There are 2 protein chains.
Amino acid sequence: MRTLDHPDVQEIALDQVLSALADPIRRTIVAQLADGHDDQACIAFELPVTKSTSTHHFRVLREAGVISQRYRGTAILNCLREDDLAHRFPGLLDAVLAAEAPTGR
Amino acid sequence: MRTLDHPDVQEIALDQVLSALADPIRRTIVAQLADGHDDQACIAFELPVTKSTSTHHFRVLREAGVISQRYRGTAILNCLREDDLAHRFPGLLDAVLAAEAPTGR
DNA sequence: CCCGTAGTACGCTCCCTGTCGTACTAACCG
DNA sequence: CGGTTAGTACGACAGGGAGCGTACTACGGG
């Protein structure tokens, strides 16, 4: 089974998290994960970019510590690291998600 | 008197705010402003960059809607747009500031 | 009026990031 | 084994952003 590197909770850096969340495509991913679509494969997110670009965005999110990814067959299950982010930067993720979707979610 | 363009409250874009706050130098500025140093001139922030780069960062913050600037003589007084940001993206600025300075402020 | 101070404008690098395409690997399914 | 599916690796390219230096402008003070 292949493995993927994830930063430890203490290693999550504000710089990287903010940069990661500054991209609209990546916020789309995060919003969908937050919206109860945890454990979705990358392919399930209908992003307006090609597969390789998609891979890139998922990696940025993972390396920033925003999501976690684990293999399951040929697919990857994506999860939002809500607890870790809430522990490291309380309120940040919530604020960004709320900012993104002002009309209830 | 010269004037400077500021985005209207409704025009403040999440993309730009997050990008602006993703830079450590700009977060330094924001943190100092939040720390009771409102109305400081640009020169008062001892930043590890030259004047022209400094100008650049202040402009990015202003155009993102994070700070407001107004001329006073040859200087510019900088203010954090706390209320506008809190209104547009509730909790966001607080979360970033708290994340930056975990040991009390 | 001249000078100093504070900031801007502009041009220039360099590097990083988003995007793509193509070729590849890993896992599962017949 | 062969094929399909999901994702990766890698190279190329364009654009933007941070950084600098130099030359300039606006304001206030002597």
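Side chains are part of it too, since the values below use all heavy atoms of this structure and drop only hydrogens, waters and symmetry mates. To find a chain, count down the sequence lines: A is the first, B the second, and so on, and within it residues start at 1. It should be emphasised that the depicted structure is a prediction, and the values quoted were computed from it without experimental measurement.
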ask   = Among D/dC20, C/dT17, C/dA27, which nucleotide sits nearest the side chain of B/Val49?
value = D/dC20
inquiry  = Categorize B/His57 for me: base, sugar-phosphate, or nothing, with a 4.0 angstrom heavy-atom threshold over every strand shown.
reply    = sugar-phosphate
note = Regarding the side chain of B/Thr55, the nearest nucleotide among D/dA6, C/dT17, C/dG7 is C/dG7
message = If you only use heavy atoms from C-beta on, which nucleotide in D/dG19, D/dA9, C/dA26 is closest to the side chain of A/Thr74?
response = C/dA26
query = More than 12 non-hydrogen atoms from neighbouring residues, nucleotides or ligands closer than 6.0 Å to CG on B/Asp8, yes or no?
reply = yes
message = If I take atom CZ in residue B/Arg59 and atom C1' in nucleotide D/dA18, what distance separates them, rounded to the nearest angstrom?
response = 13 Å
inquiry  = Nearest to the A/Arg26 side chain among D/dA9, D/dG17, C/dG18, which nucleotide is it?
reply    = C/dG18
ask   = Rounded to the Å, how far apart are A/Phe58 CZ and D/dA9 P?
value = 15 Å
Sidechain N-carboxylate O distance under 4.0 Å for A/Arg70, A/Asp39 = yes
ask   = Rounded to whole angstroms, how far apart are NE2 on A/His56 and C1' on D/dG11?
value = 15 Å
ask   = Is the backbone N or O of A/Val9 less than 3.5 Å from a side-chain atom of A/Arg88, with the two atoms forming a donor-acceptor pair by type?
value = yes
note = Picking from C/dG7, D/dC20, D/dA18, the nucleotide nearest the side-chain atoms of B/Thr50 would be D/dC20
task = Ignoring the backbone of A/Tyr71, work out which of D/dG19, D/dG7, D/dA9 is nearest its side chain.
result = D/dG7
inquiry  = Can you measure A/Arg70 atom CZ to D/dA6 atom P for me and round it to whole angstrom units?
reply    = 17 Å
message = Looking only at the side chain of A/Val60 (C-beta and beyond, no hydrogens), which of the listed nucleotides C/dG18, C/dG7, D/dG19 gets closest?
response = C/dG18
query = Can you check whether A/Asp15's main-chain N or O pairs, donor with acceptor, with A/Ser19's side chain at less than 3.5 Å?
reply = yes
query = Choosing from C/dC20, C/dG7, D/dG7, which nucleotide comes nearest the side chain of B/Lys51?
reply = C/dG7
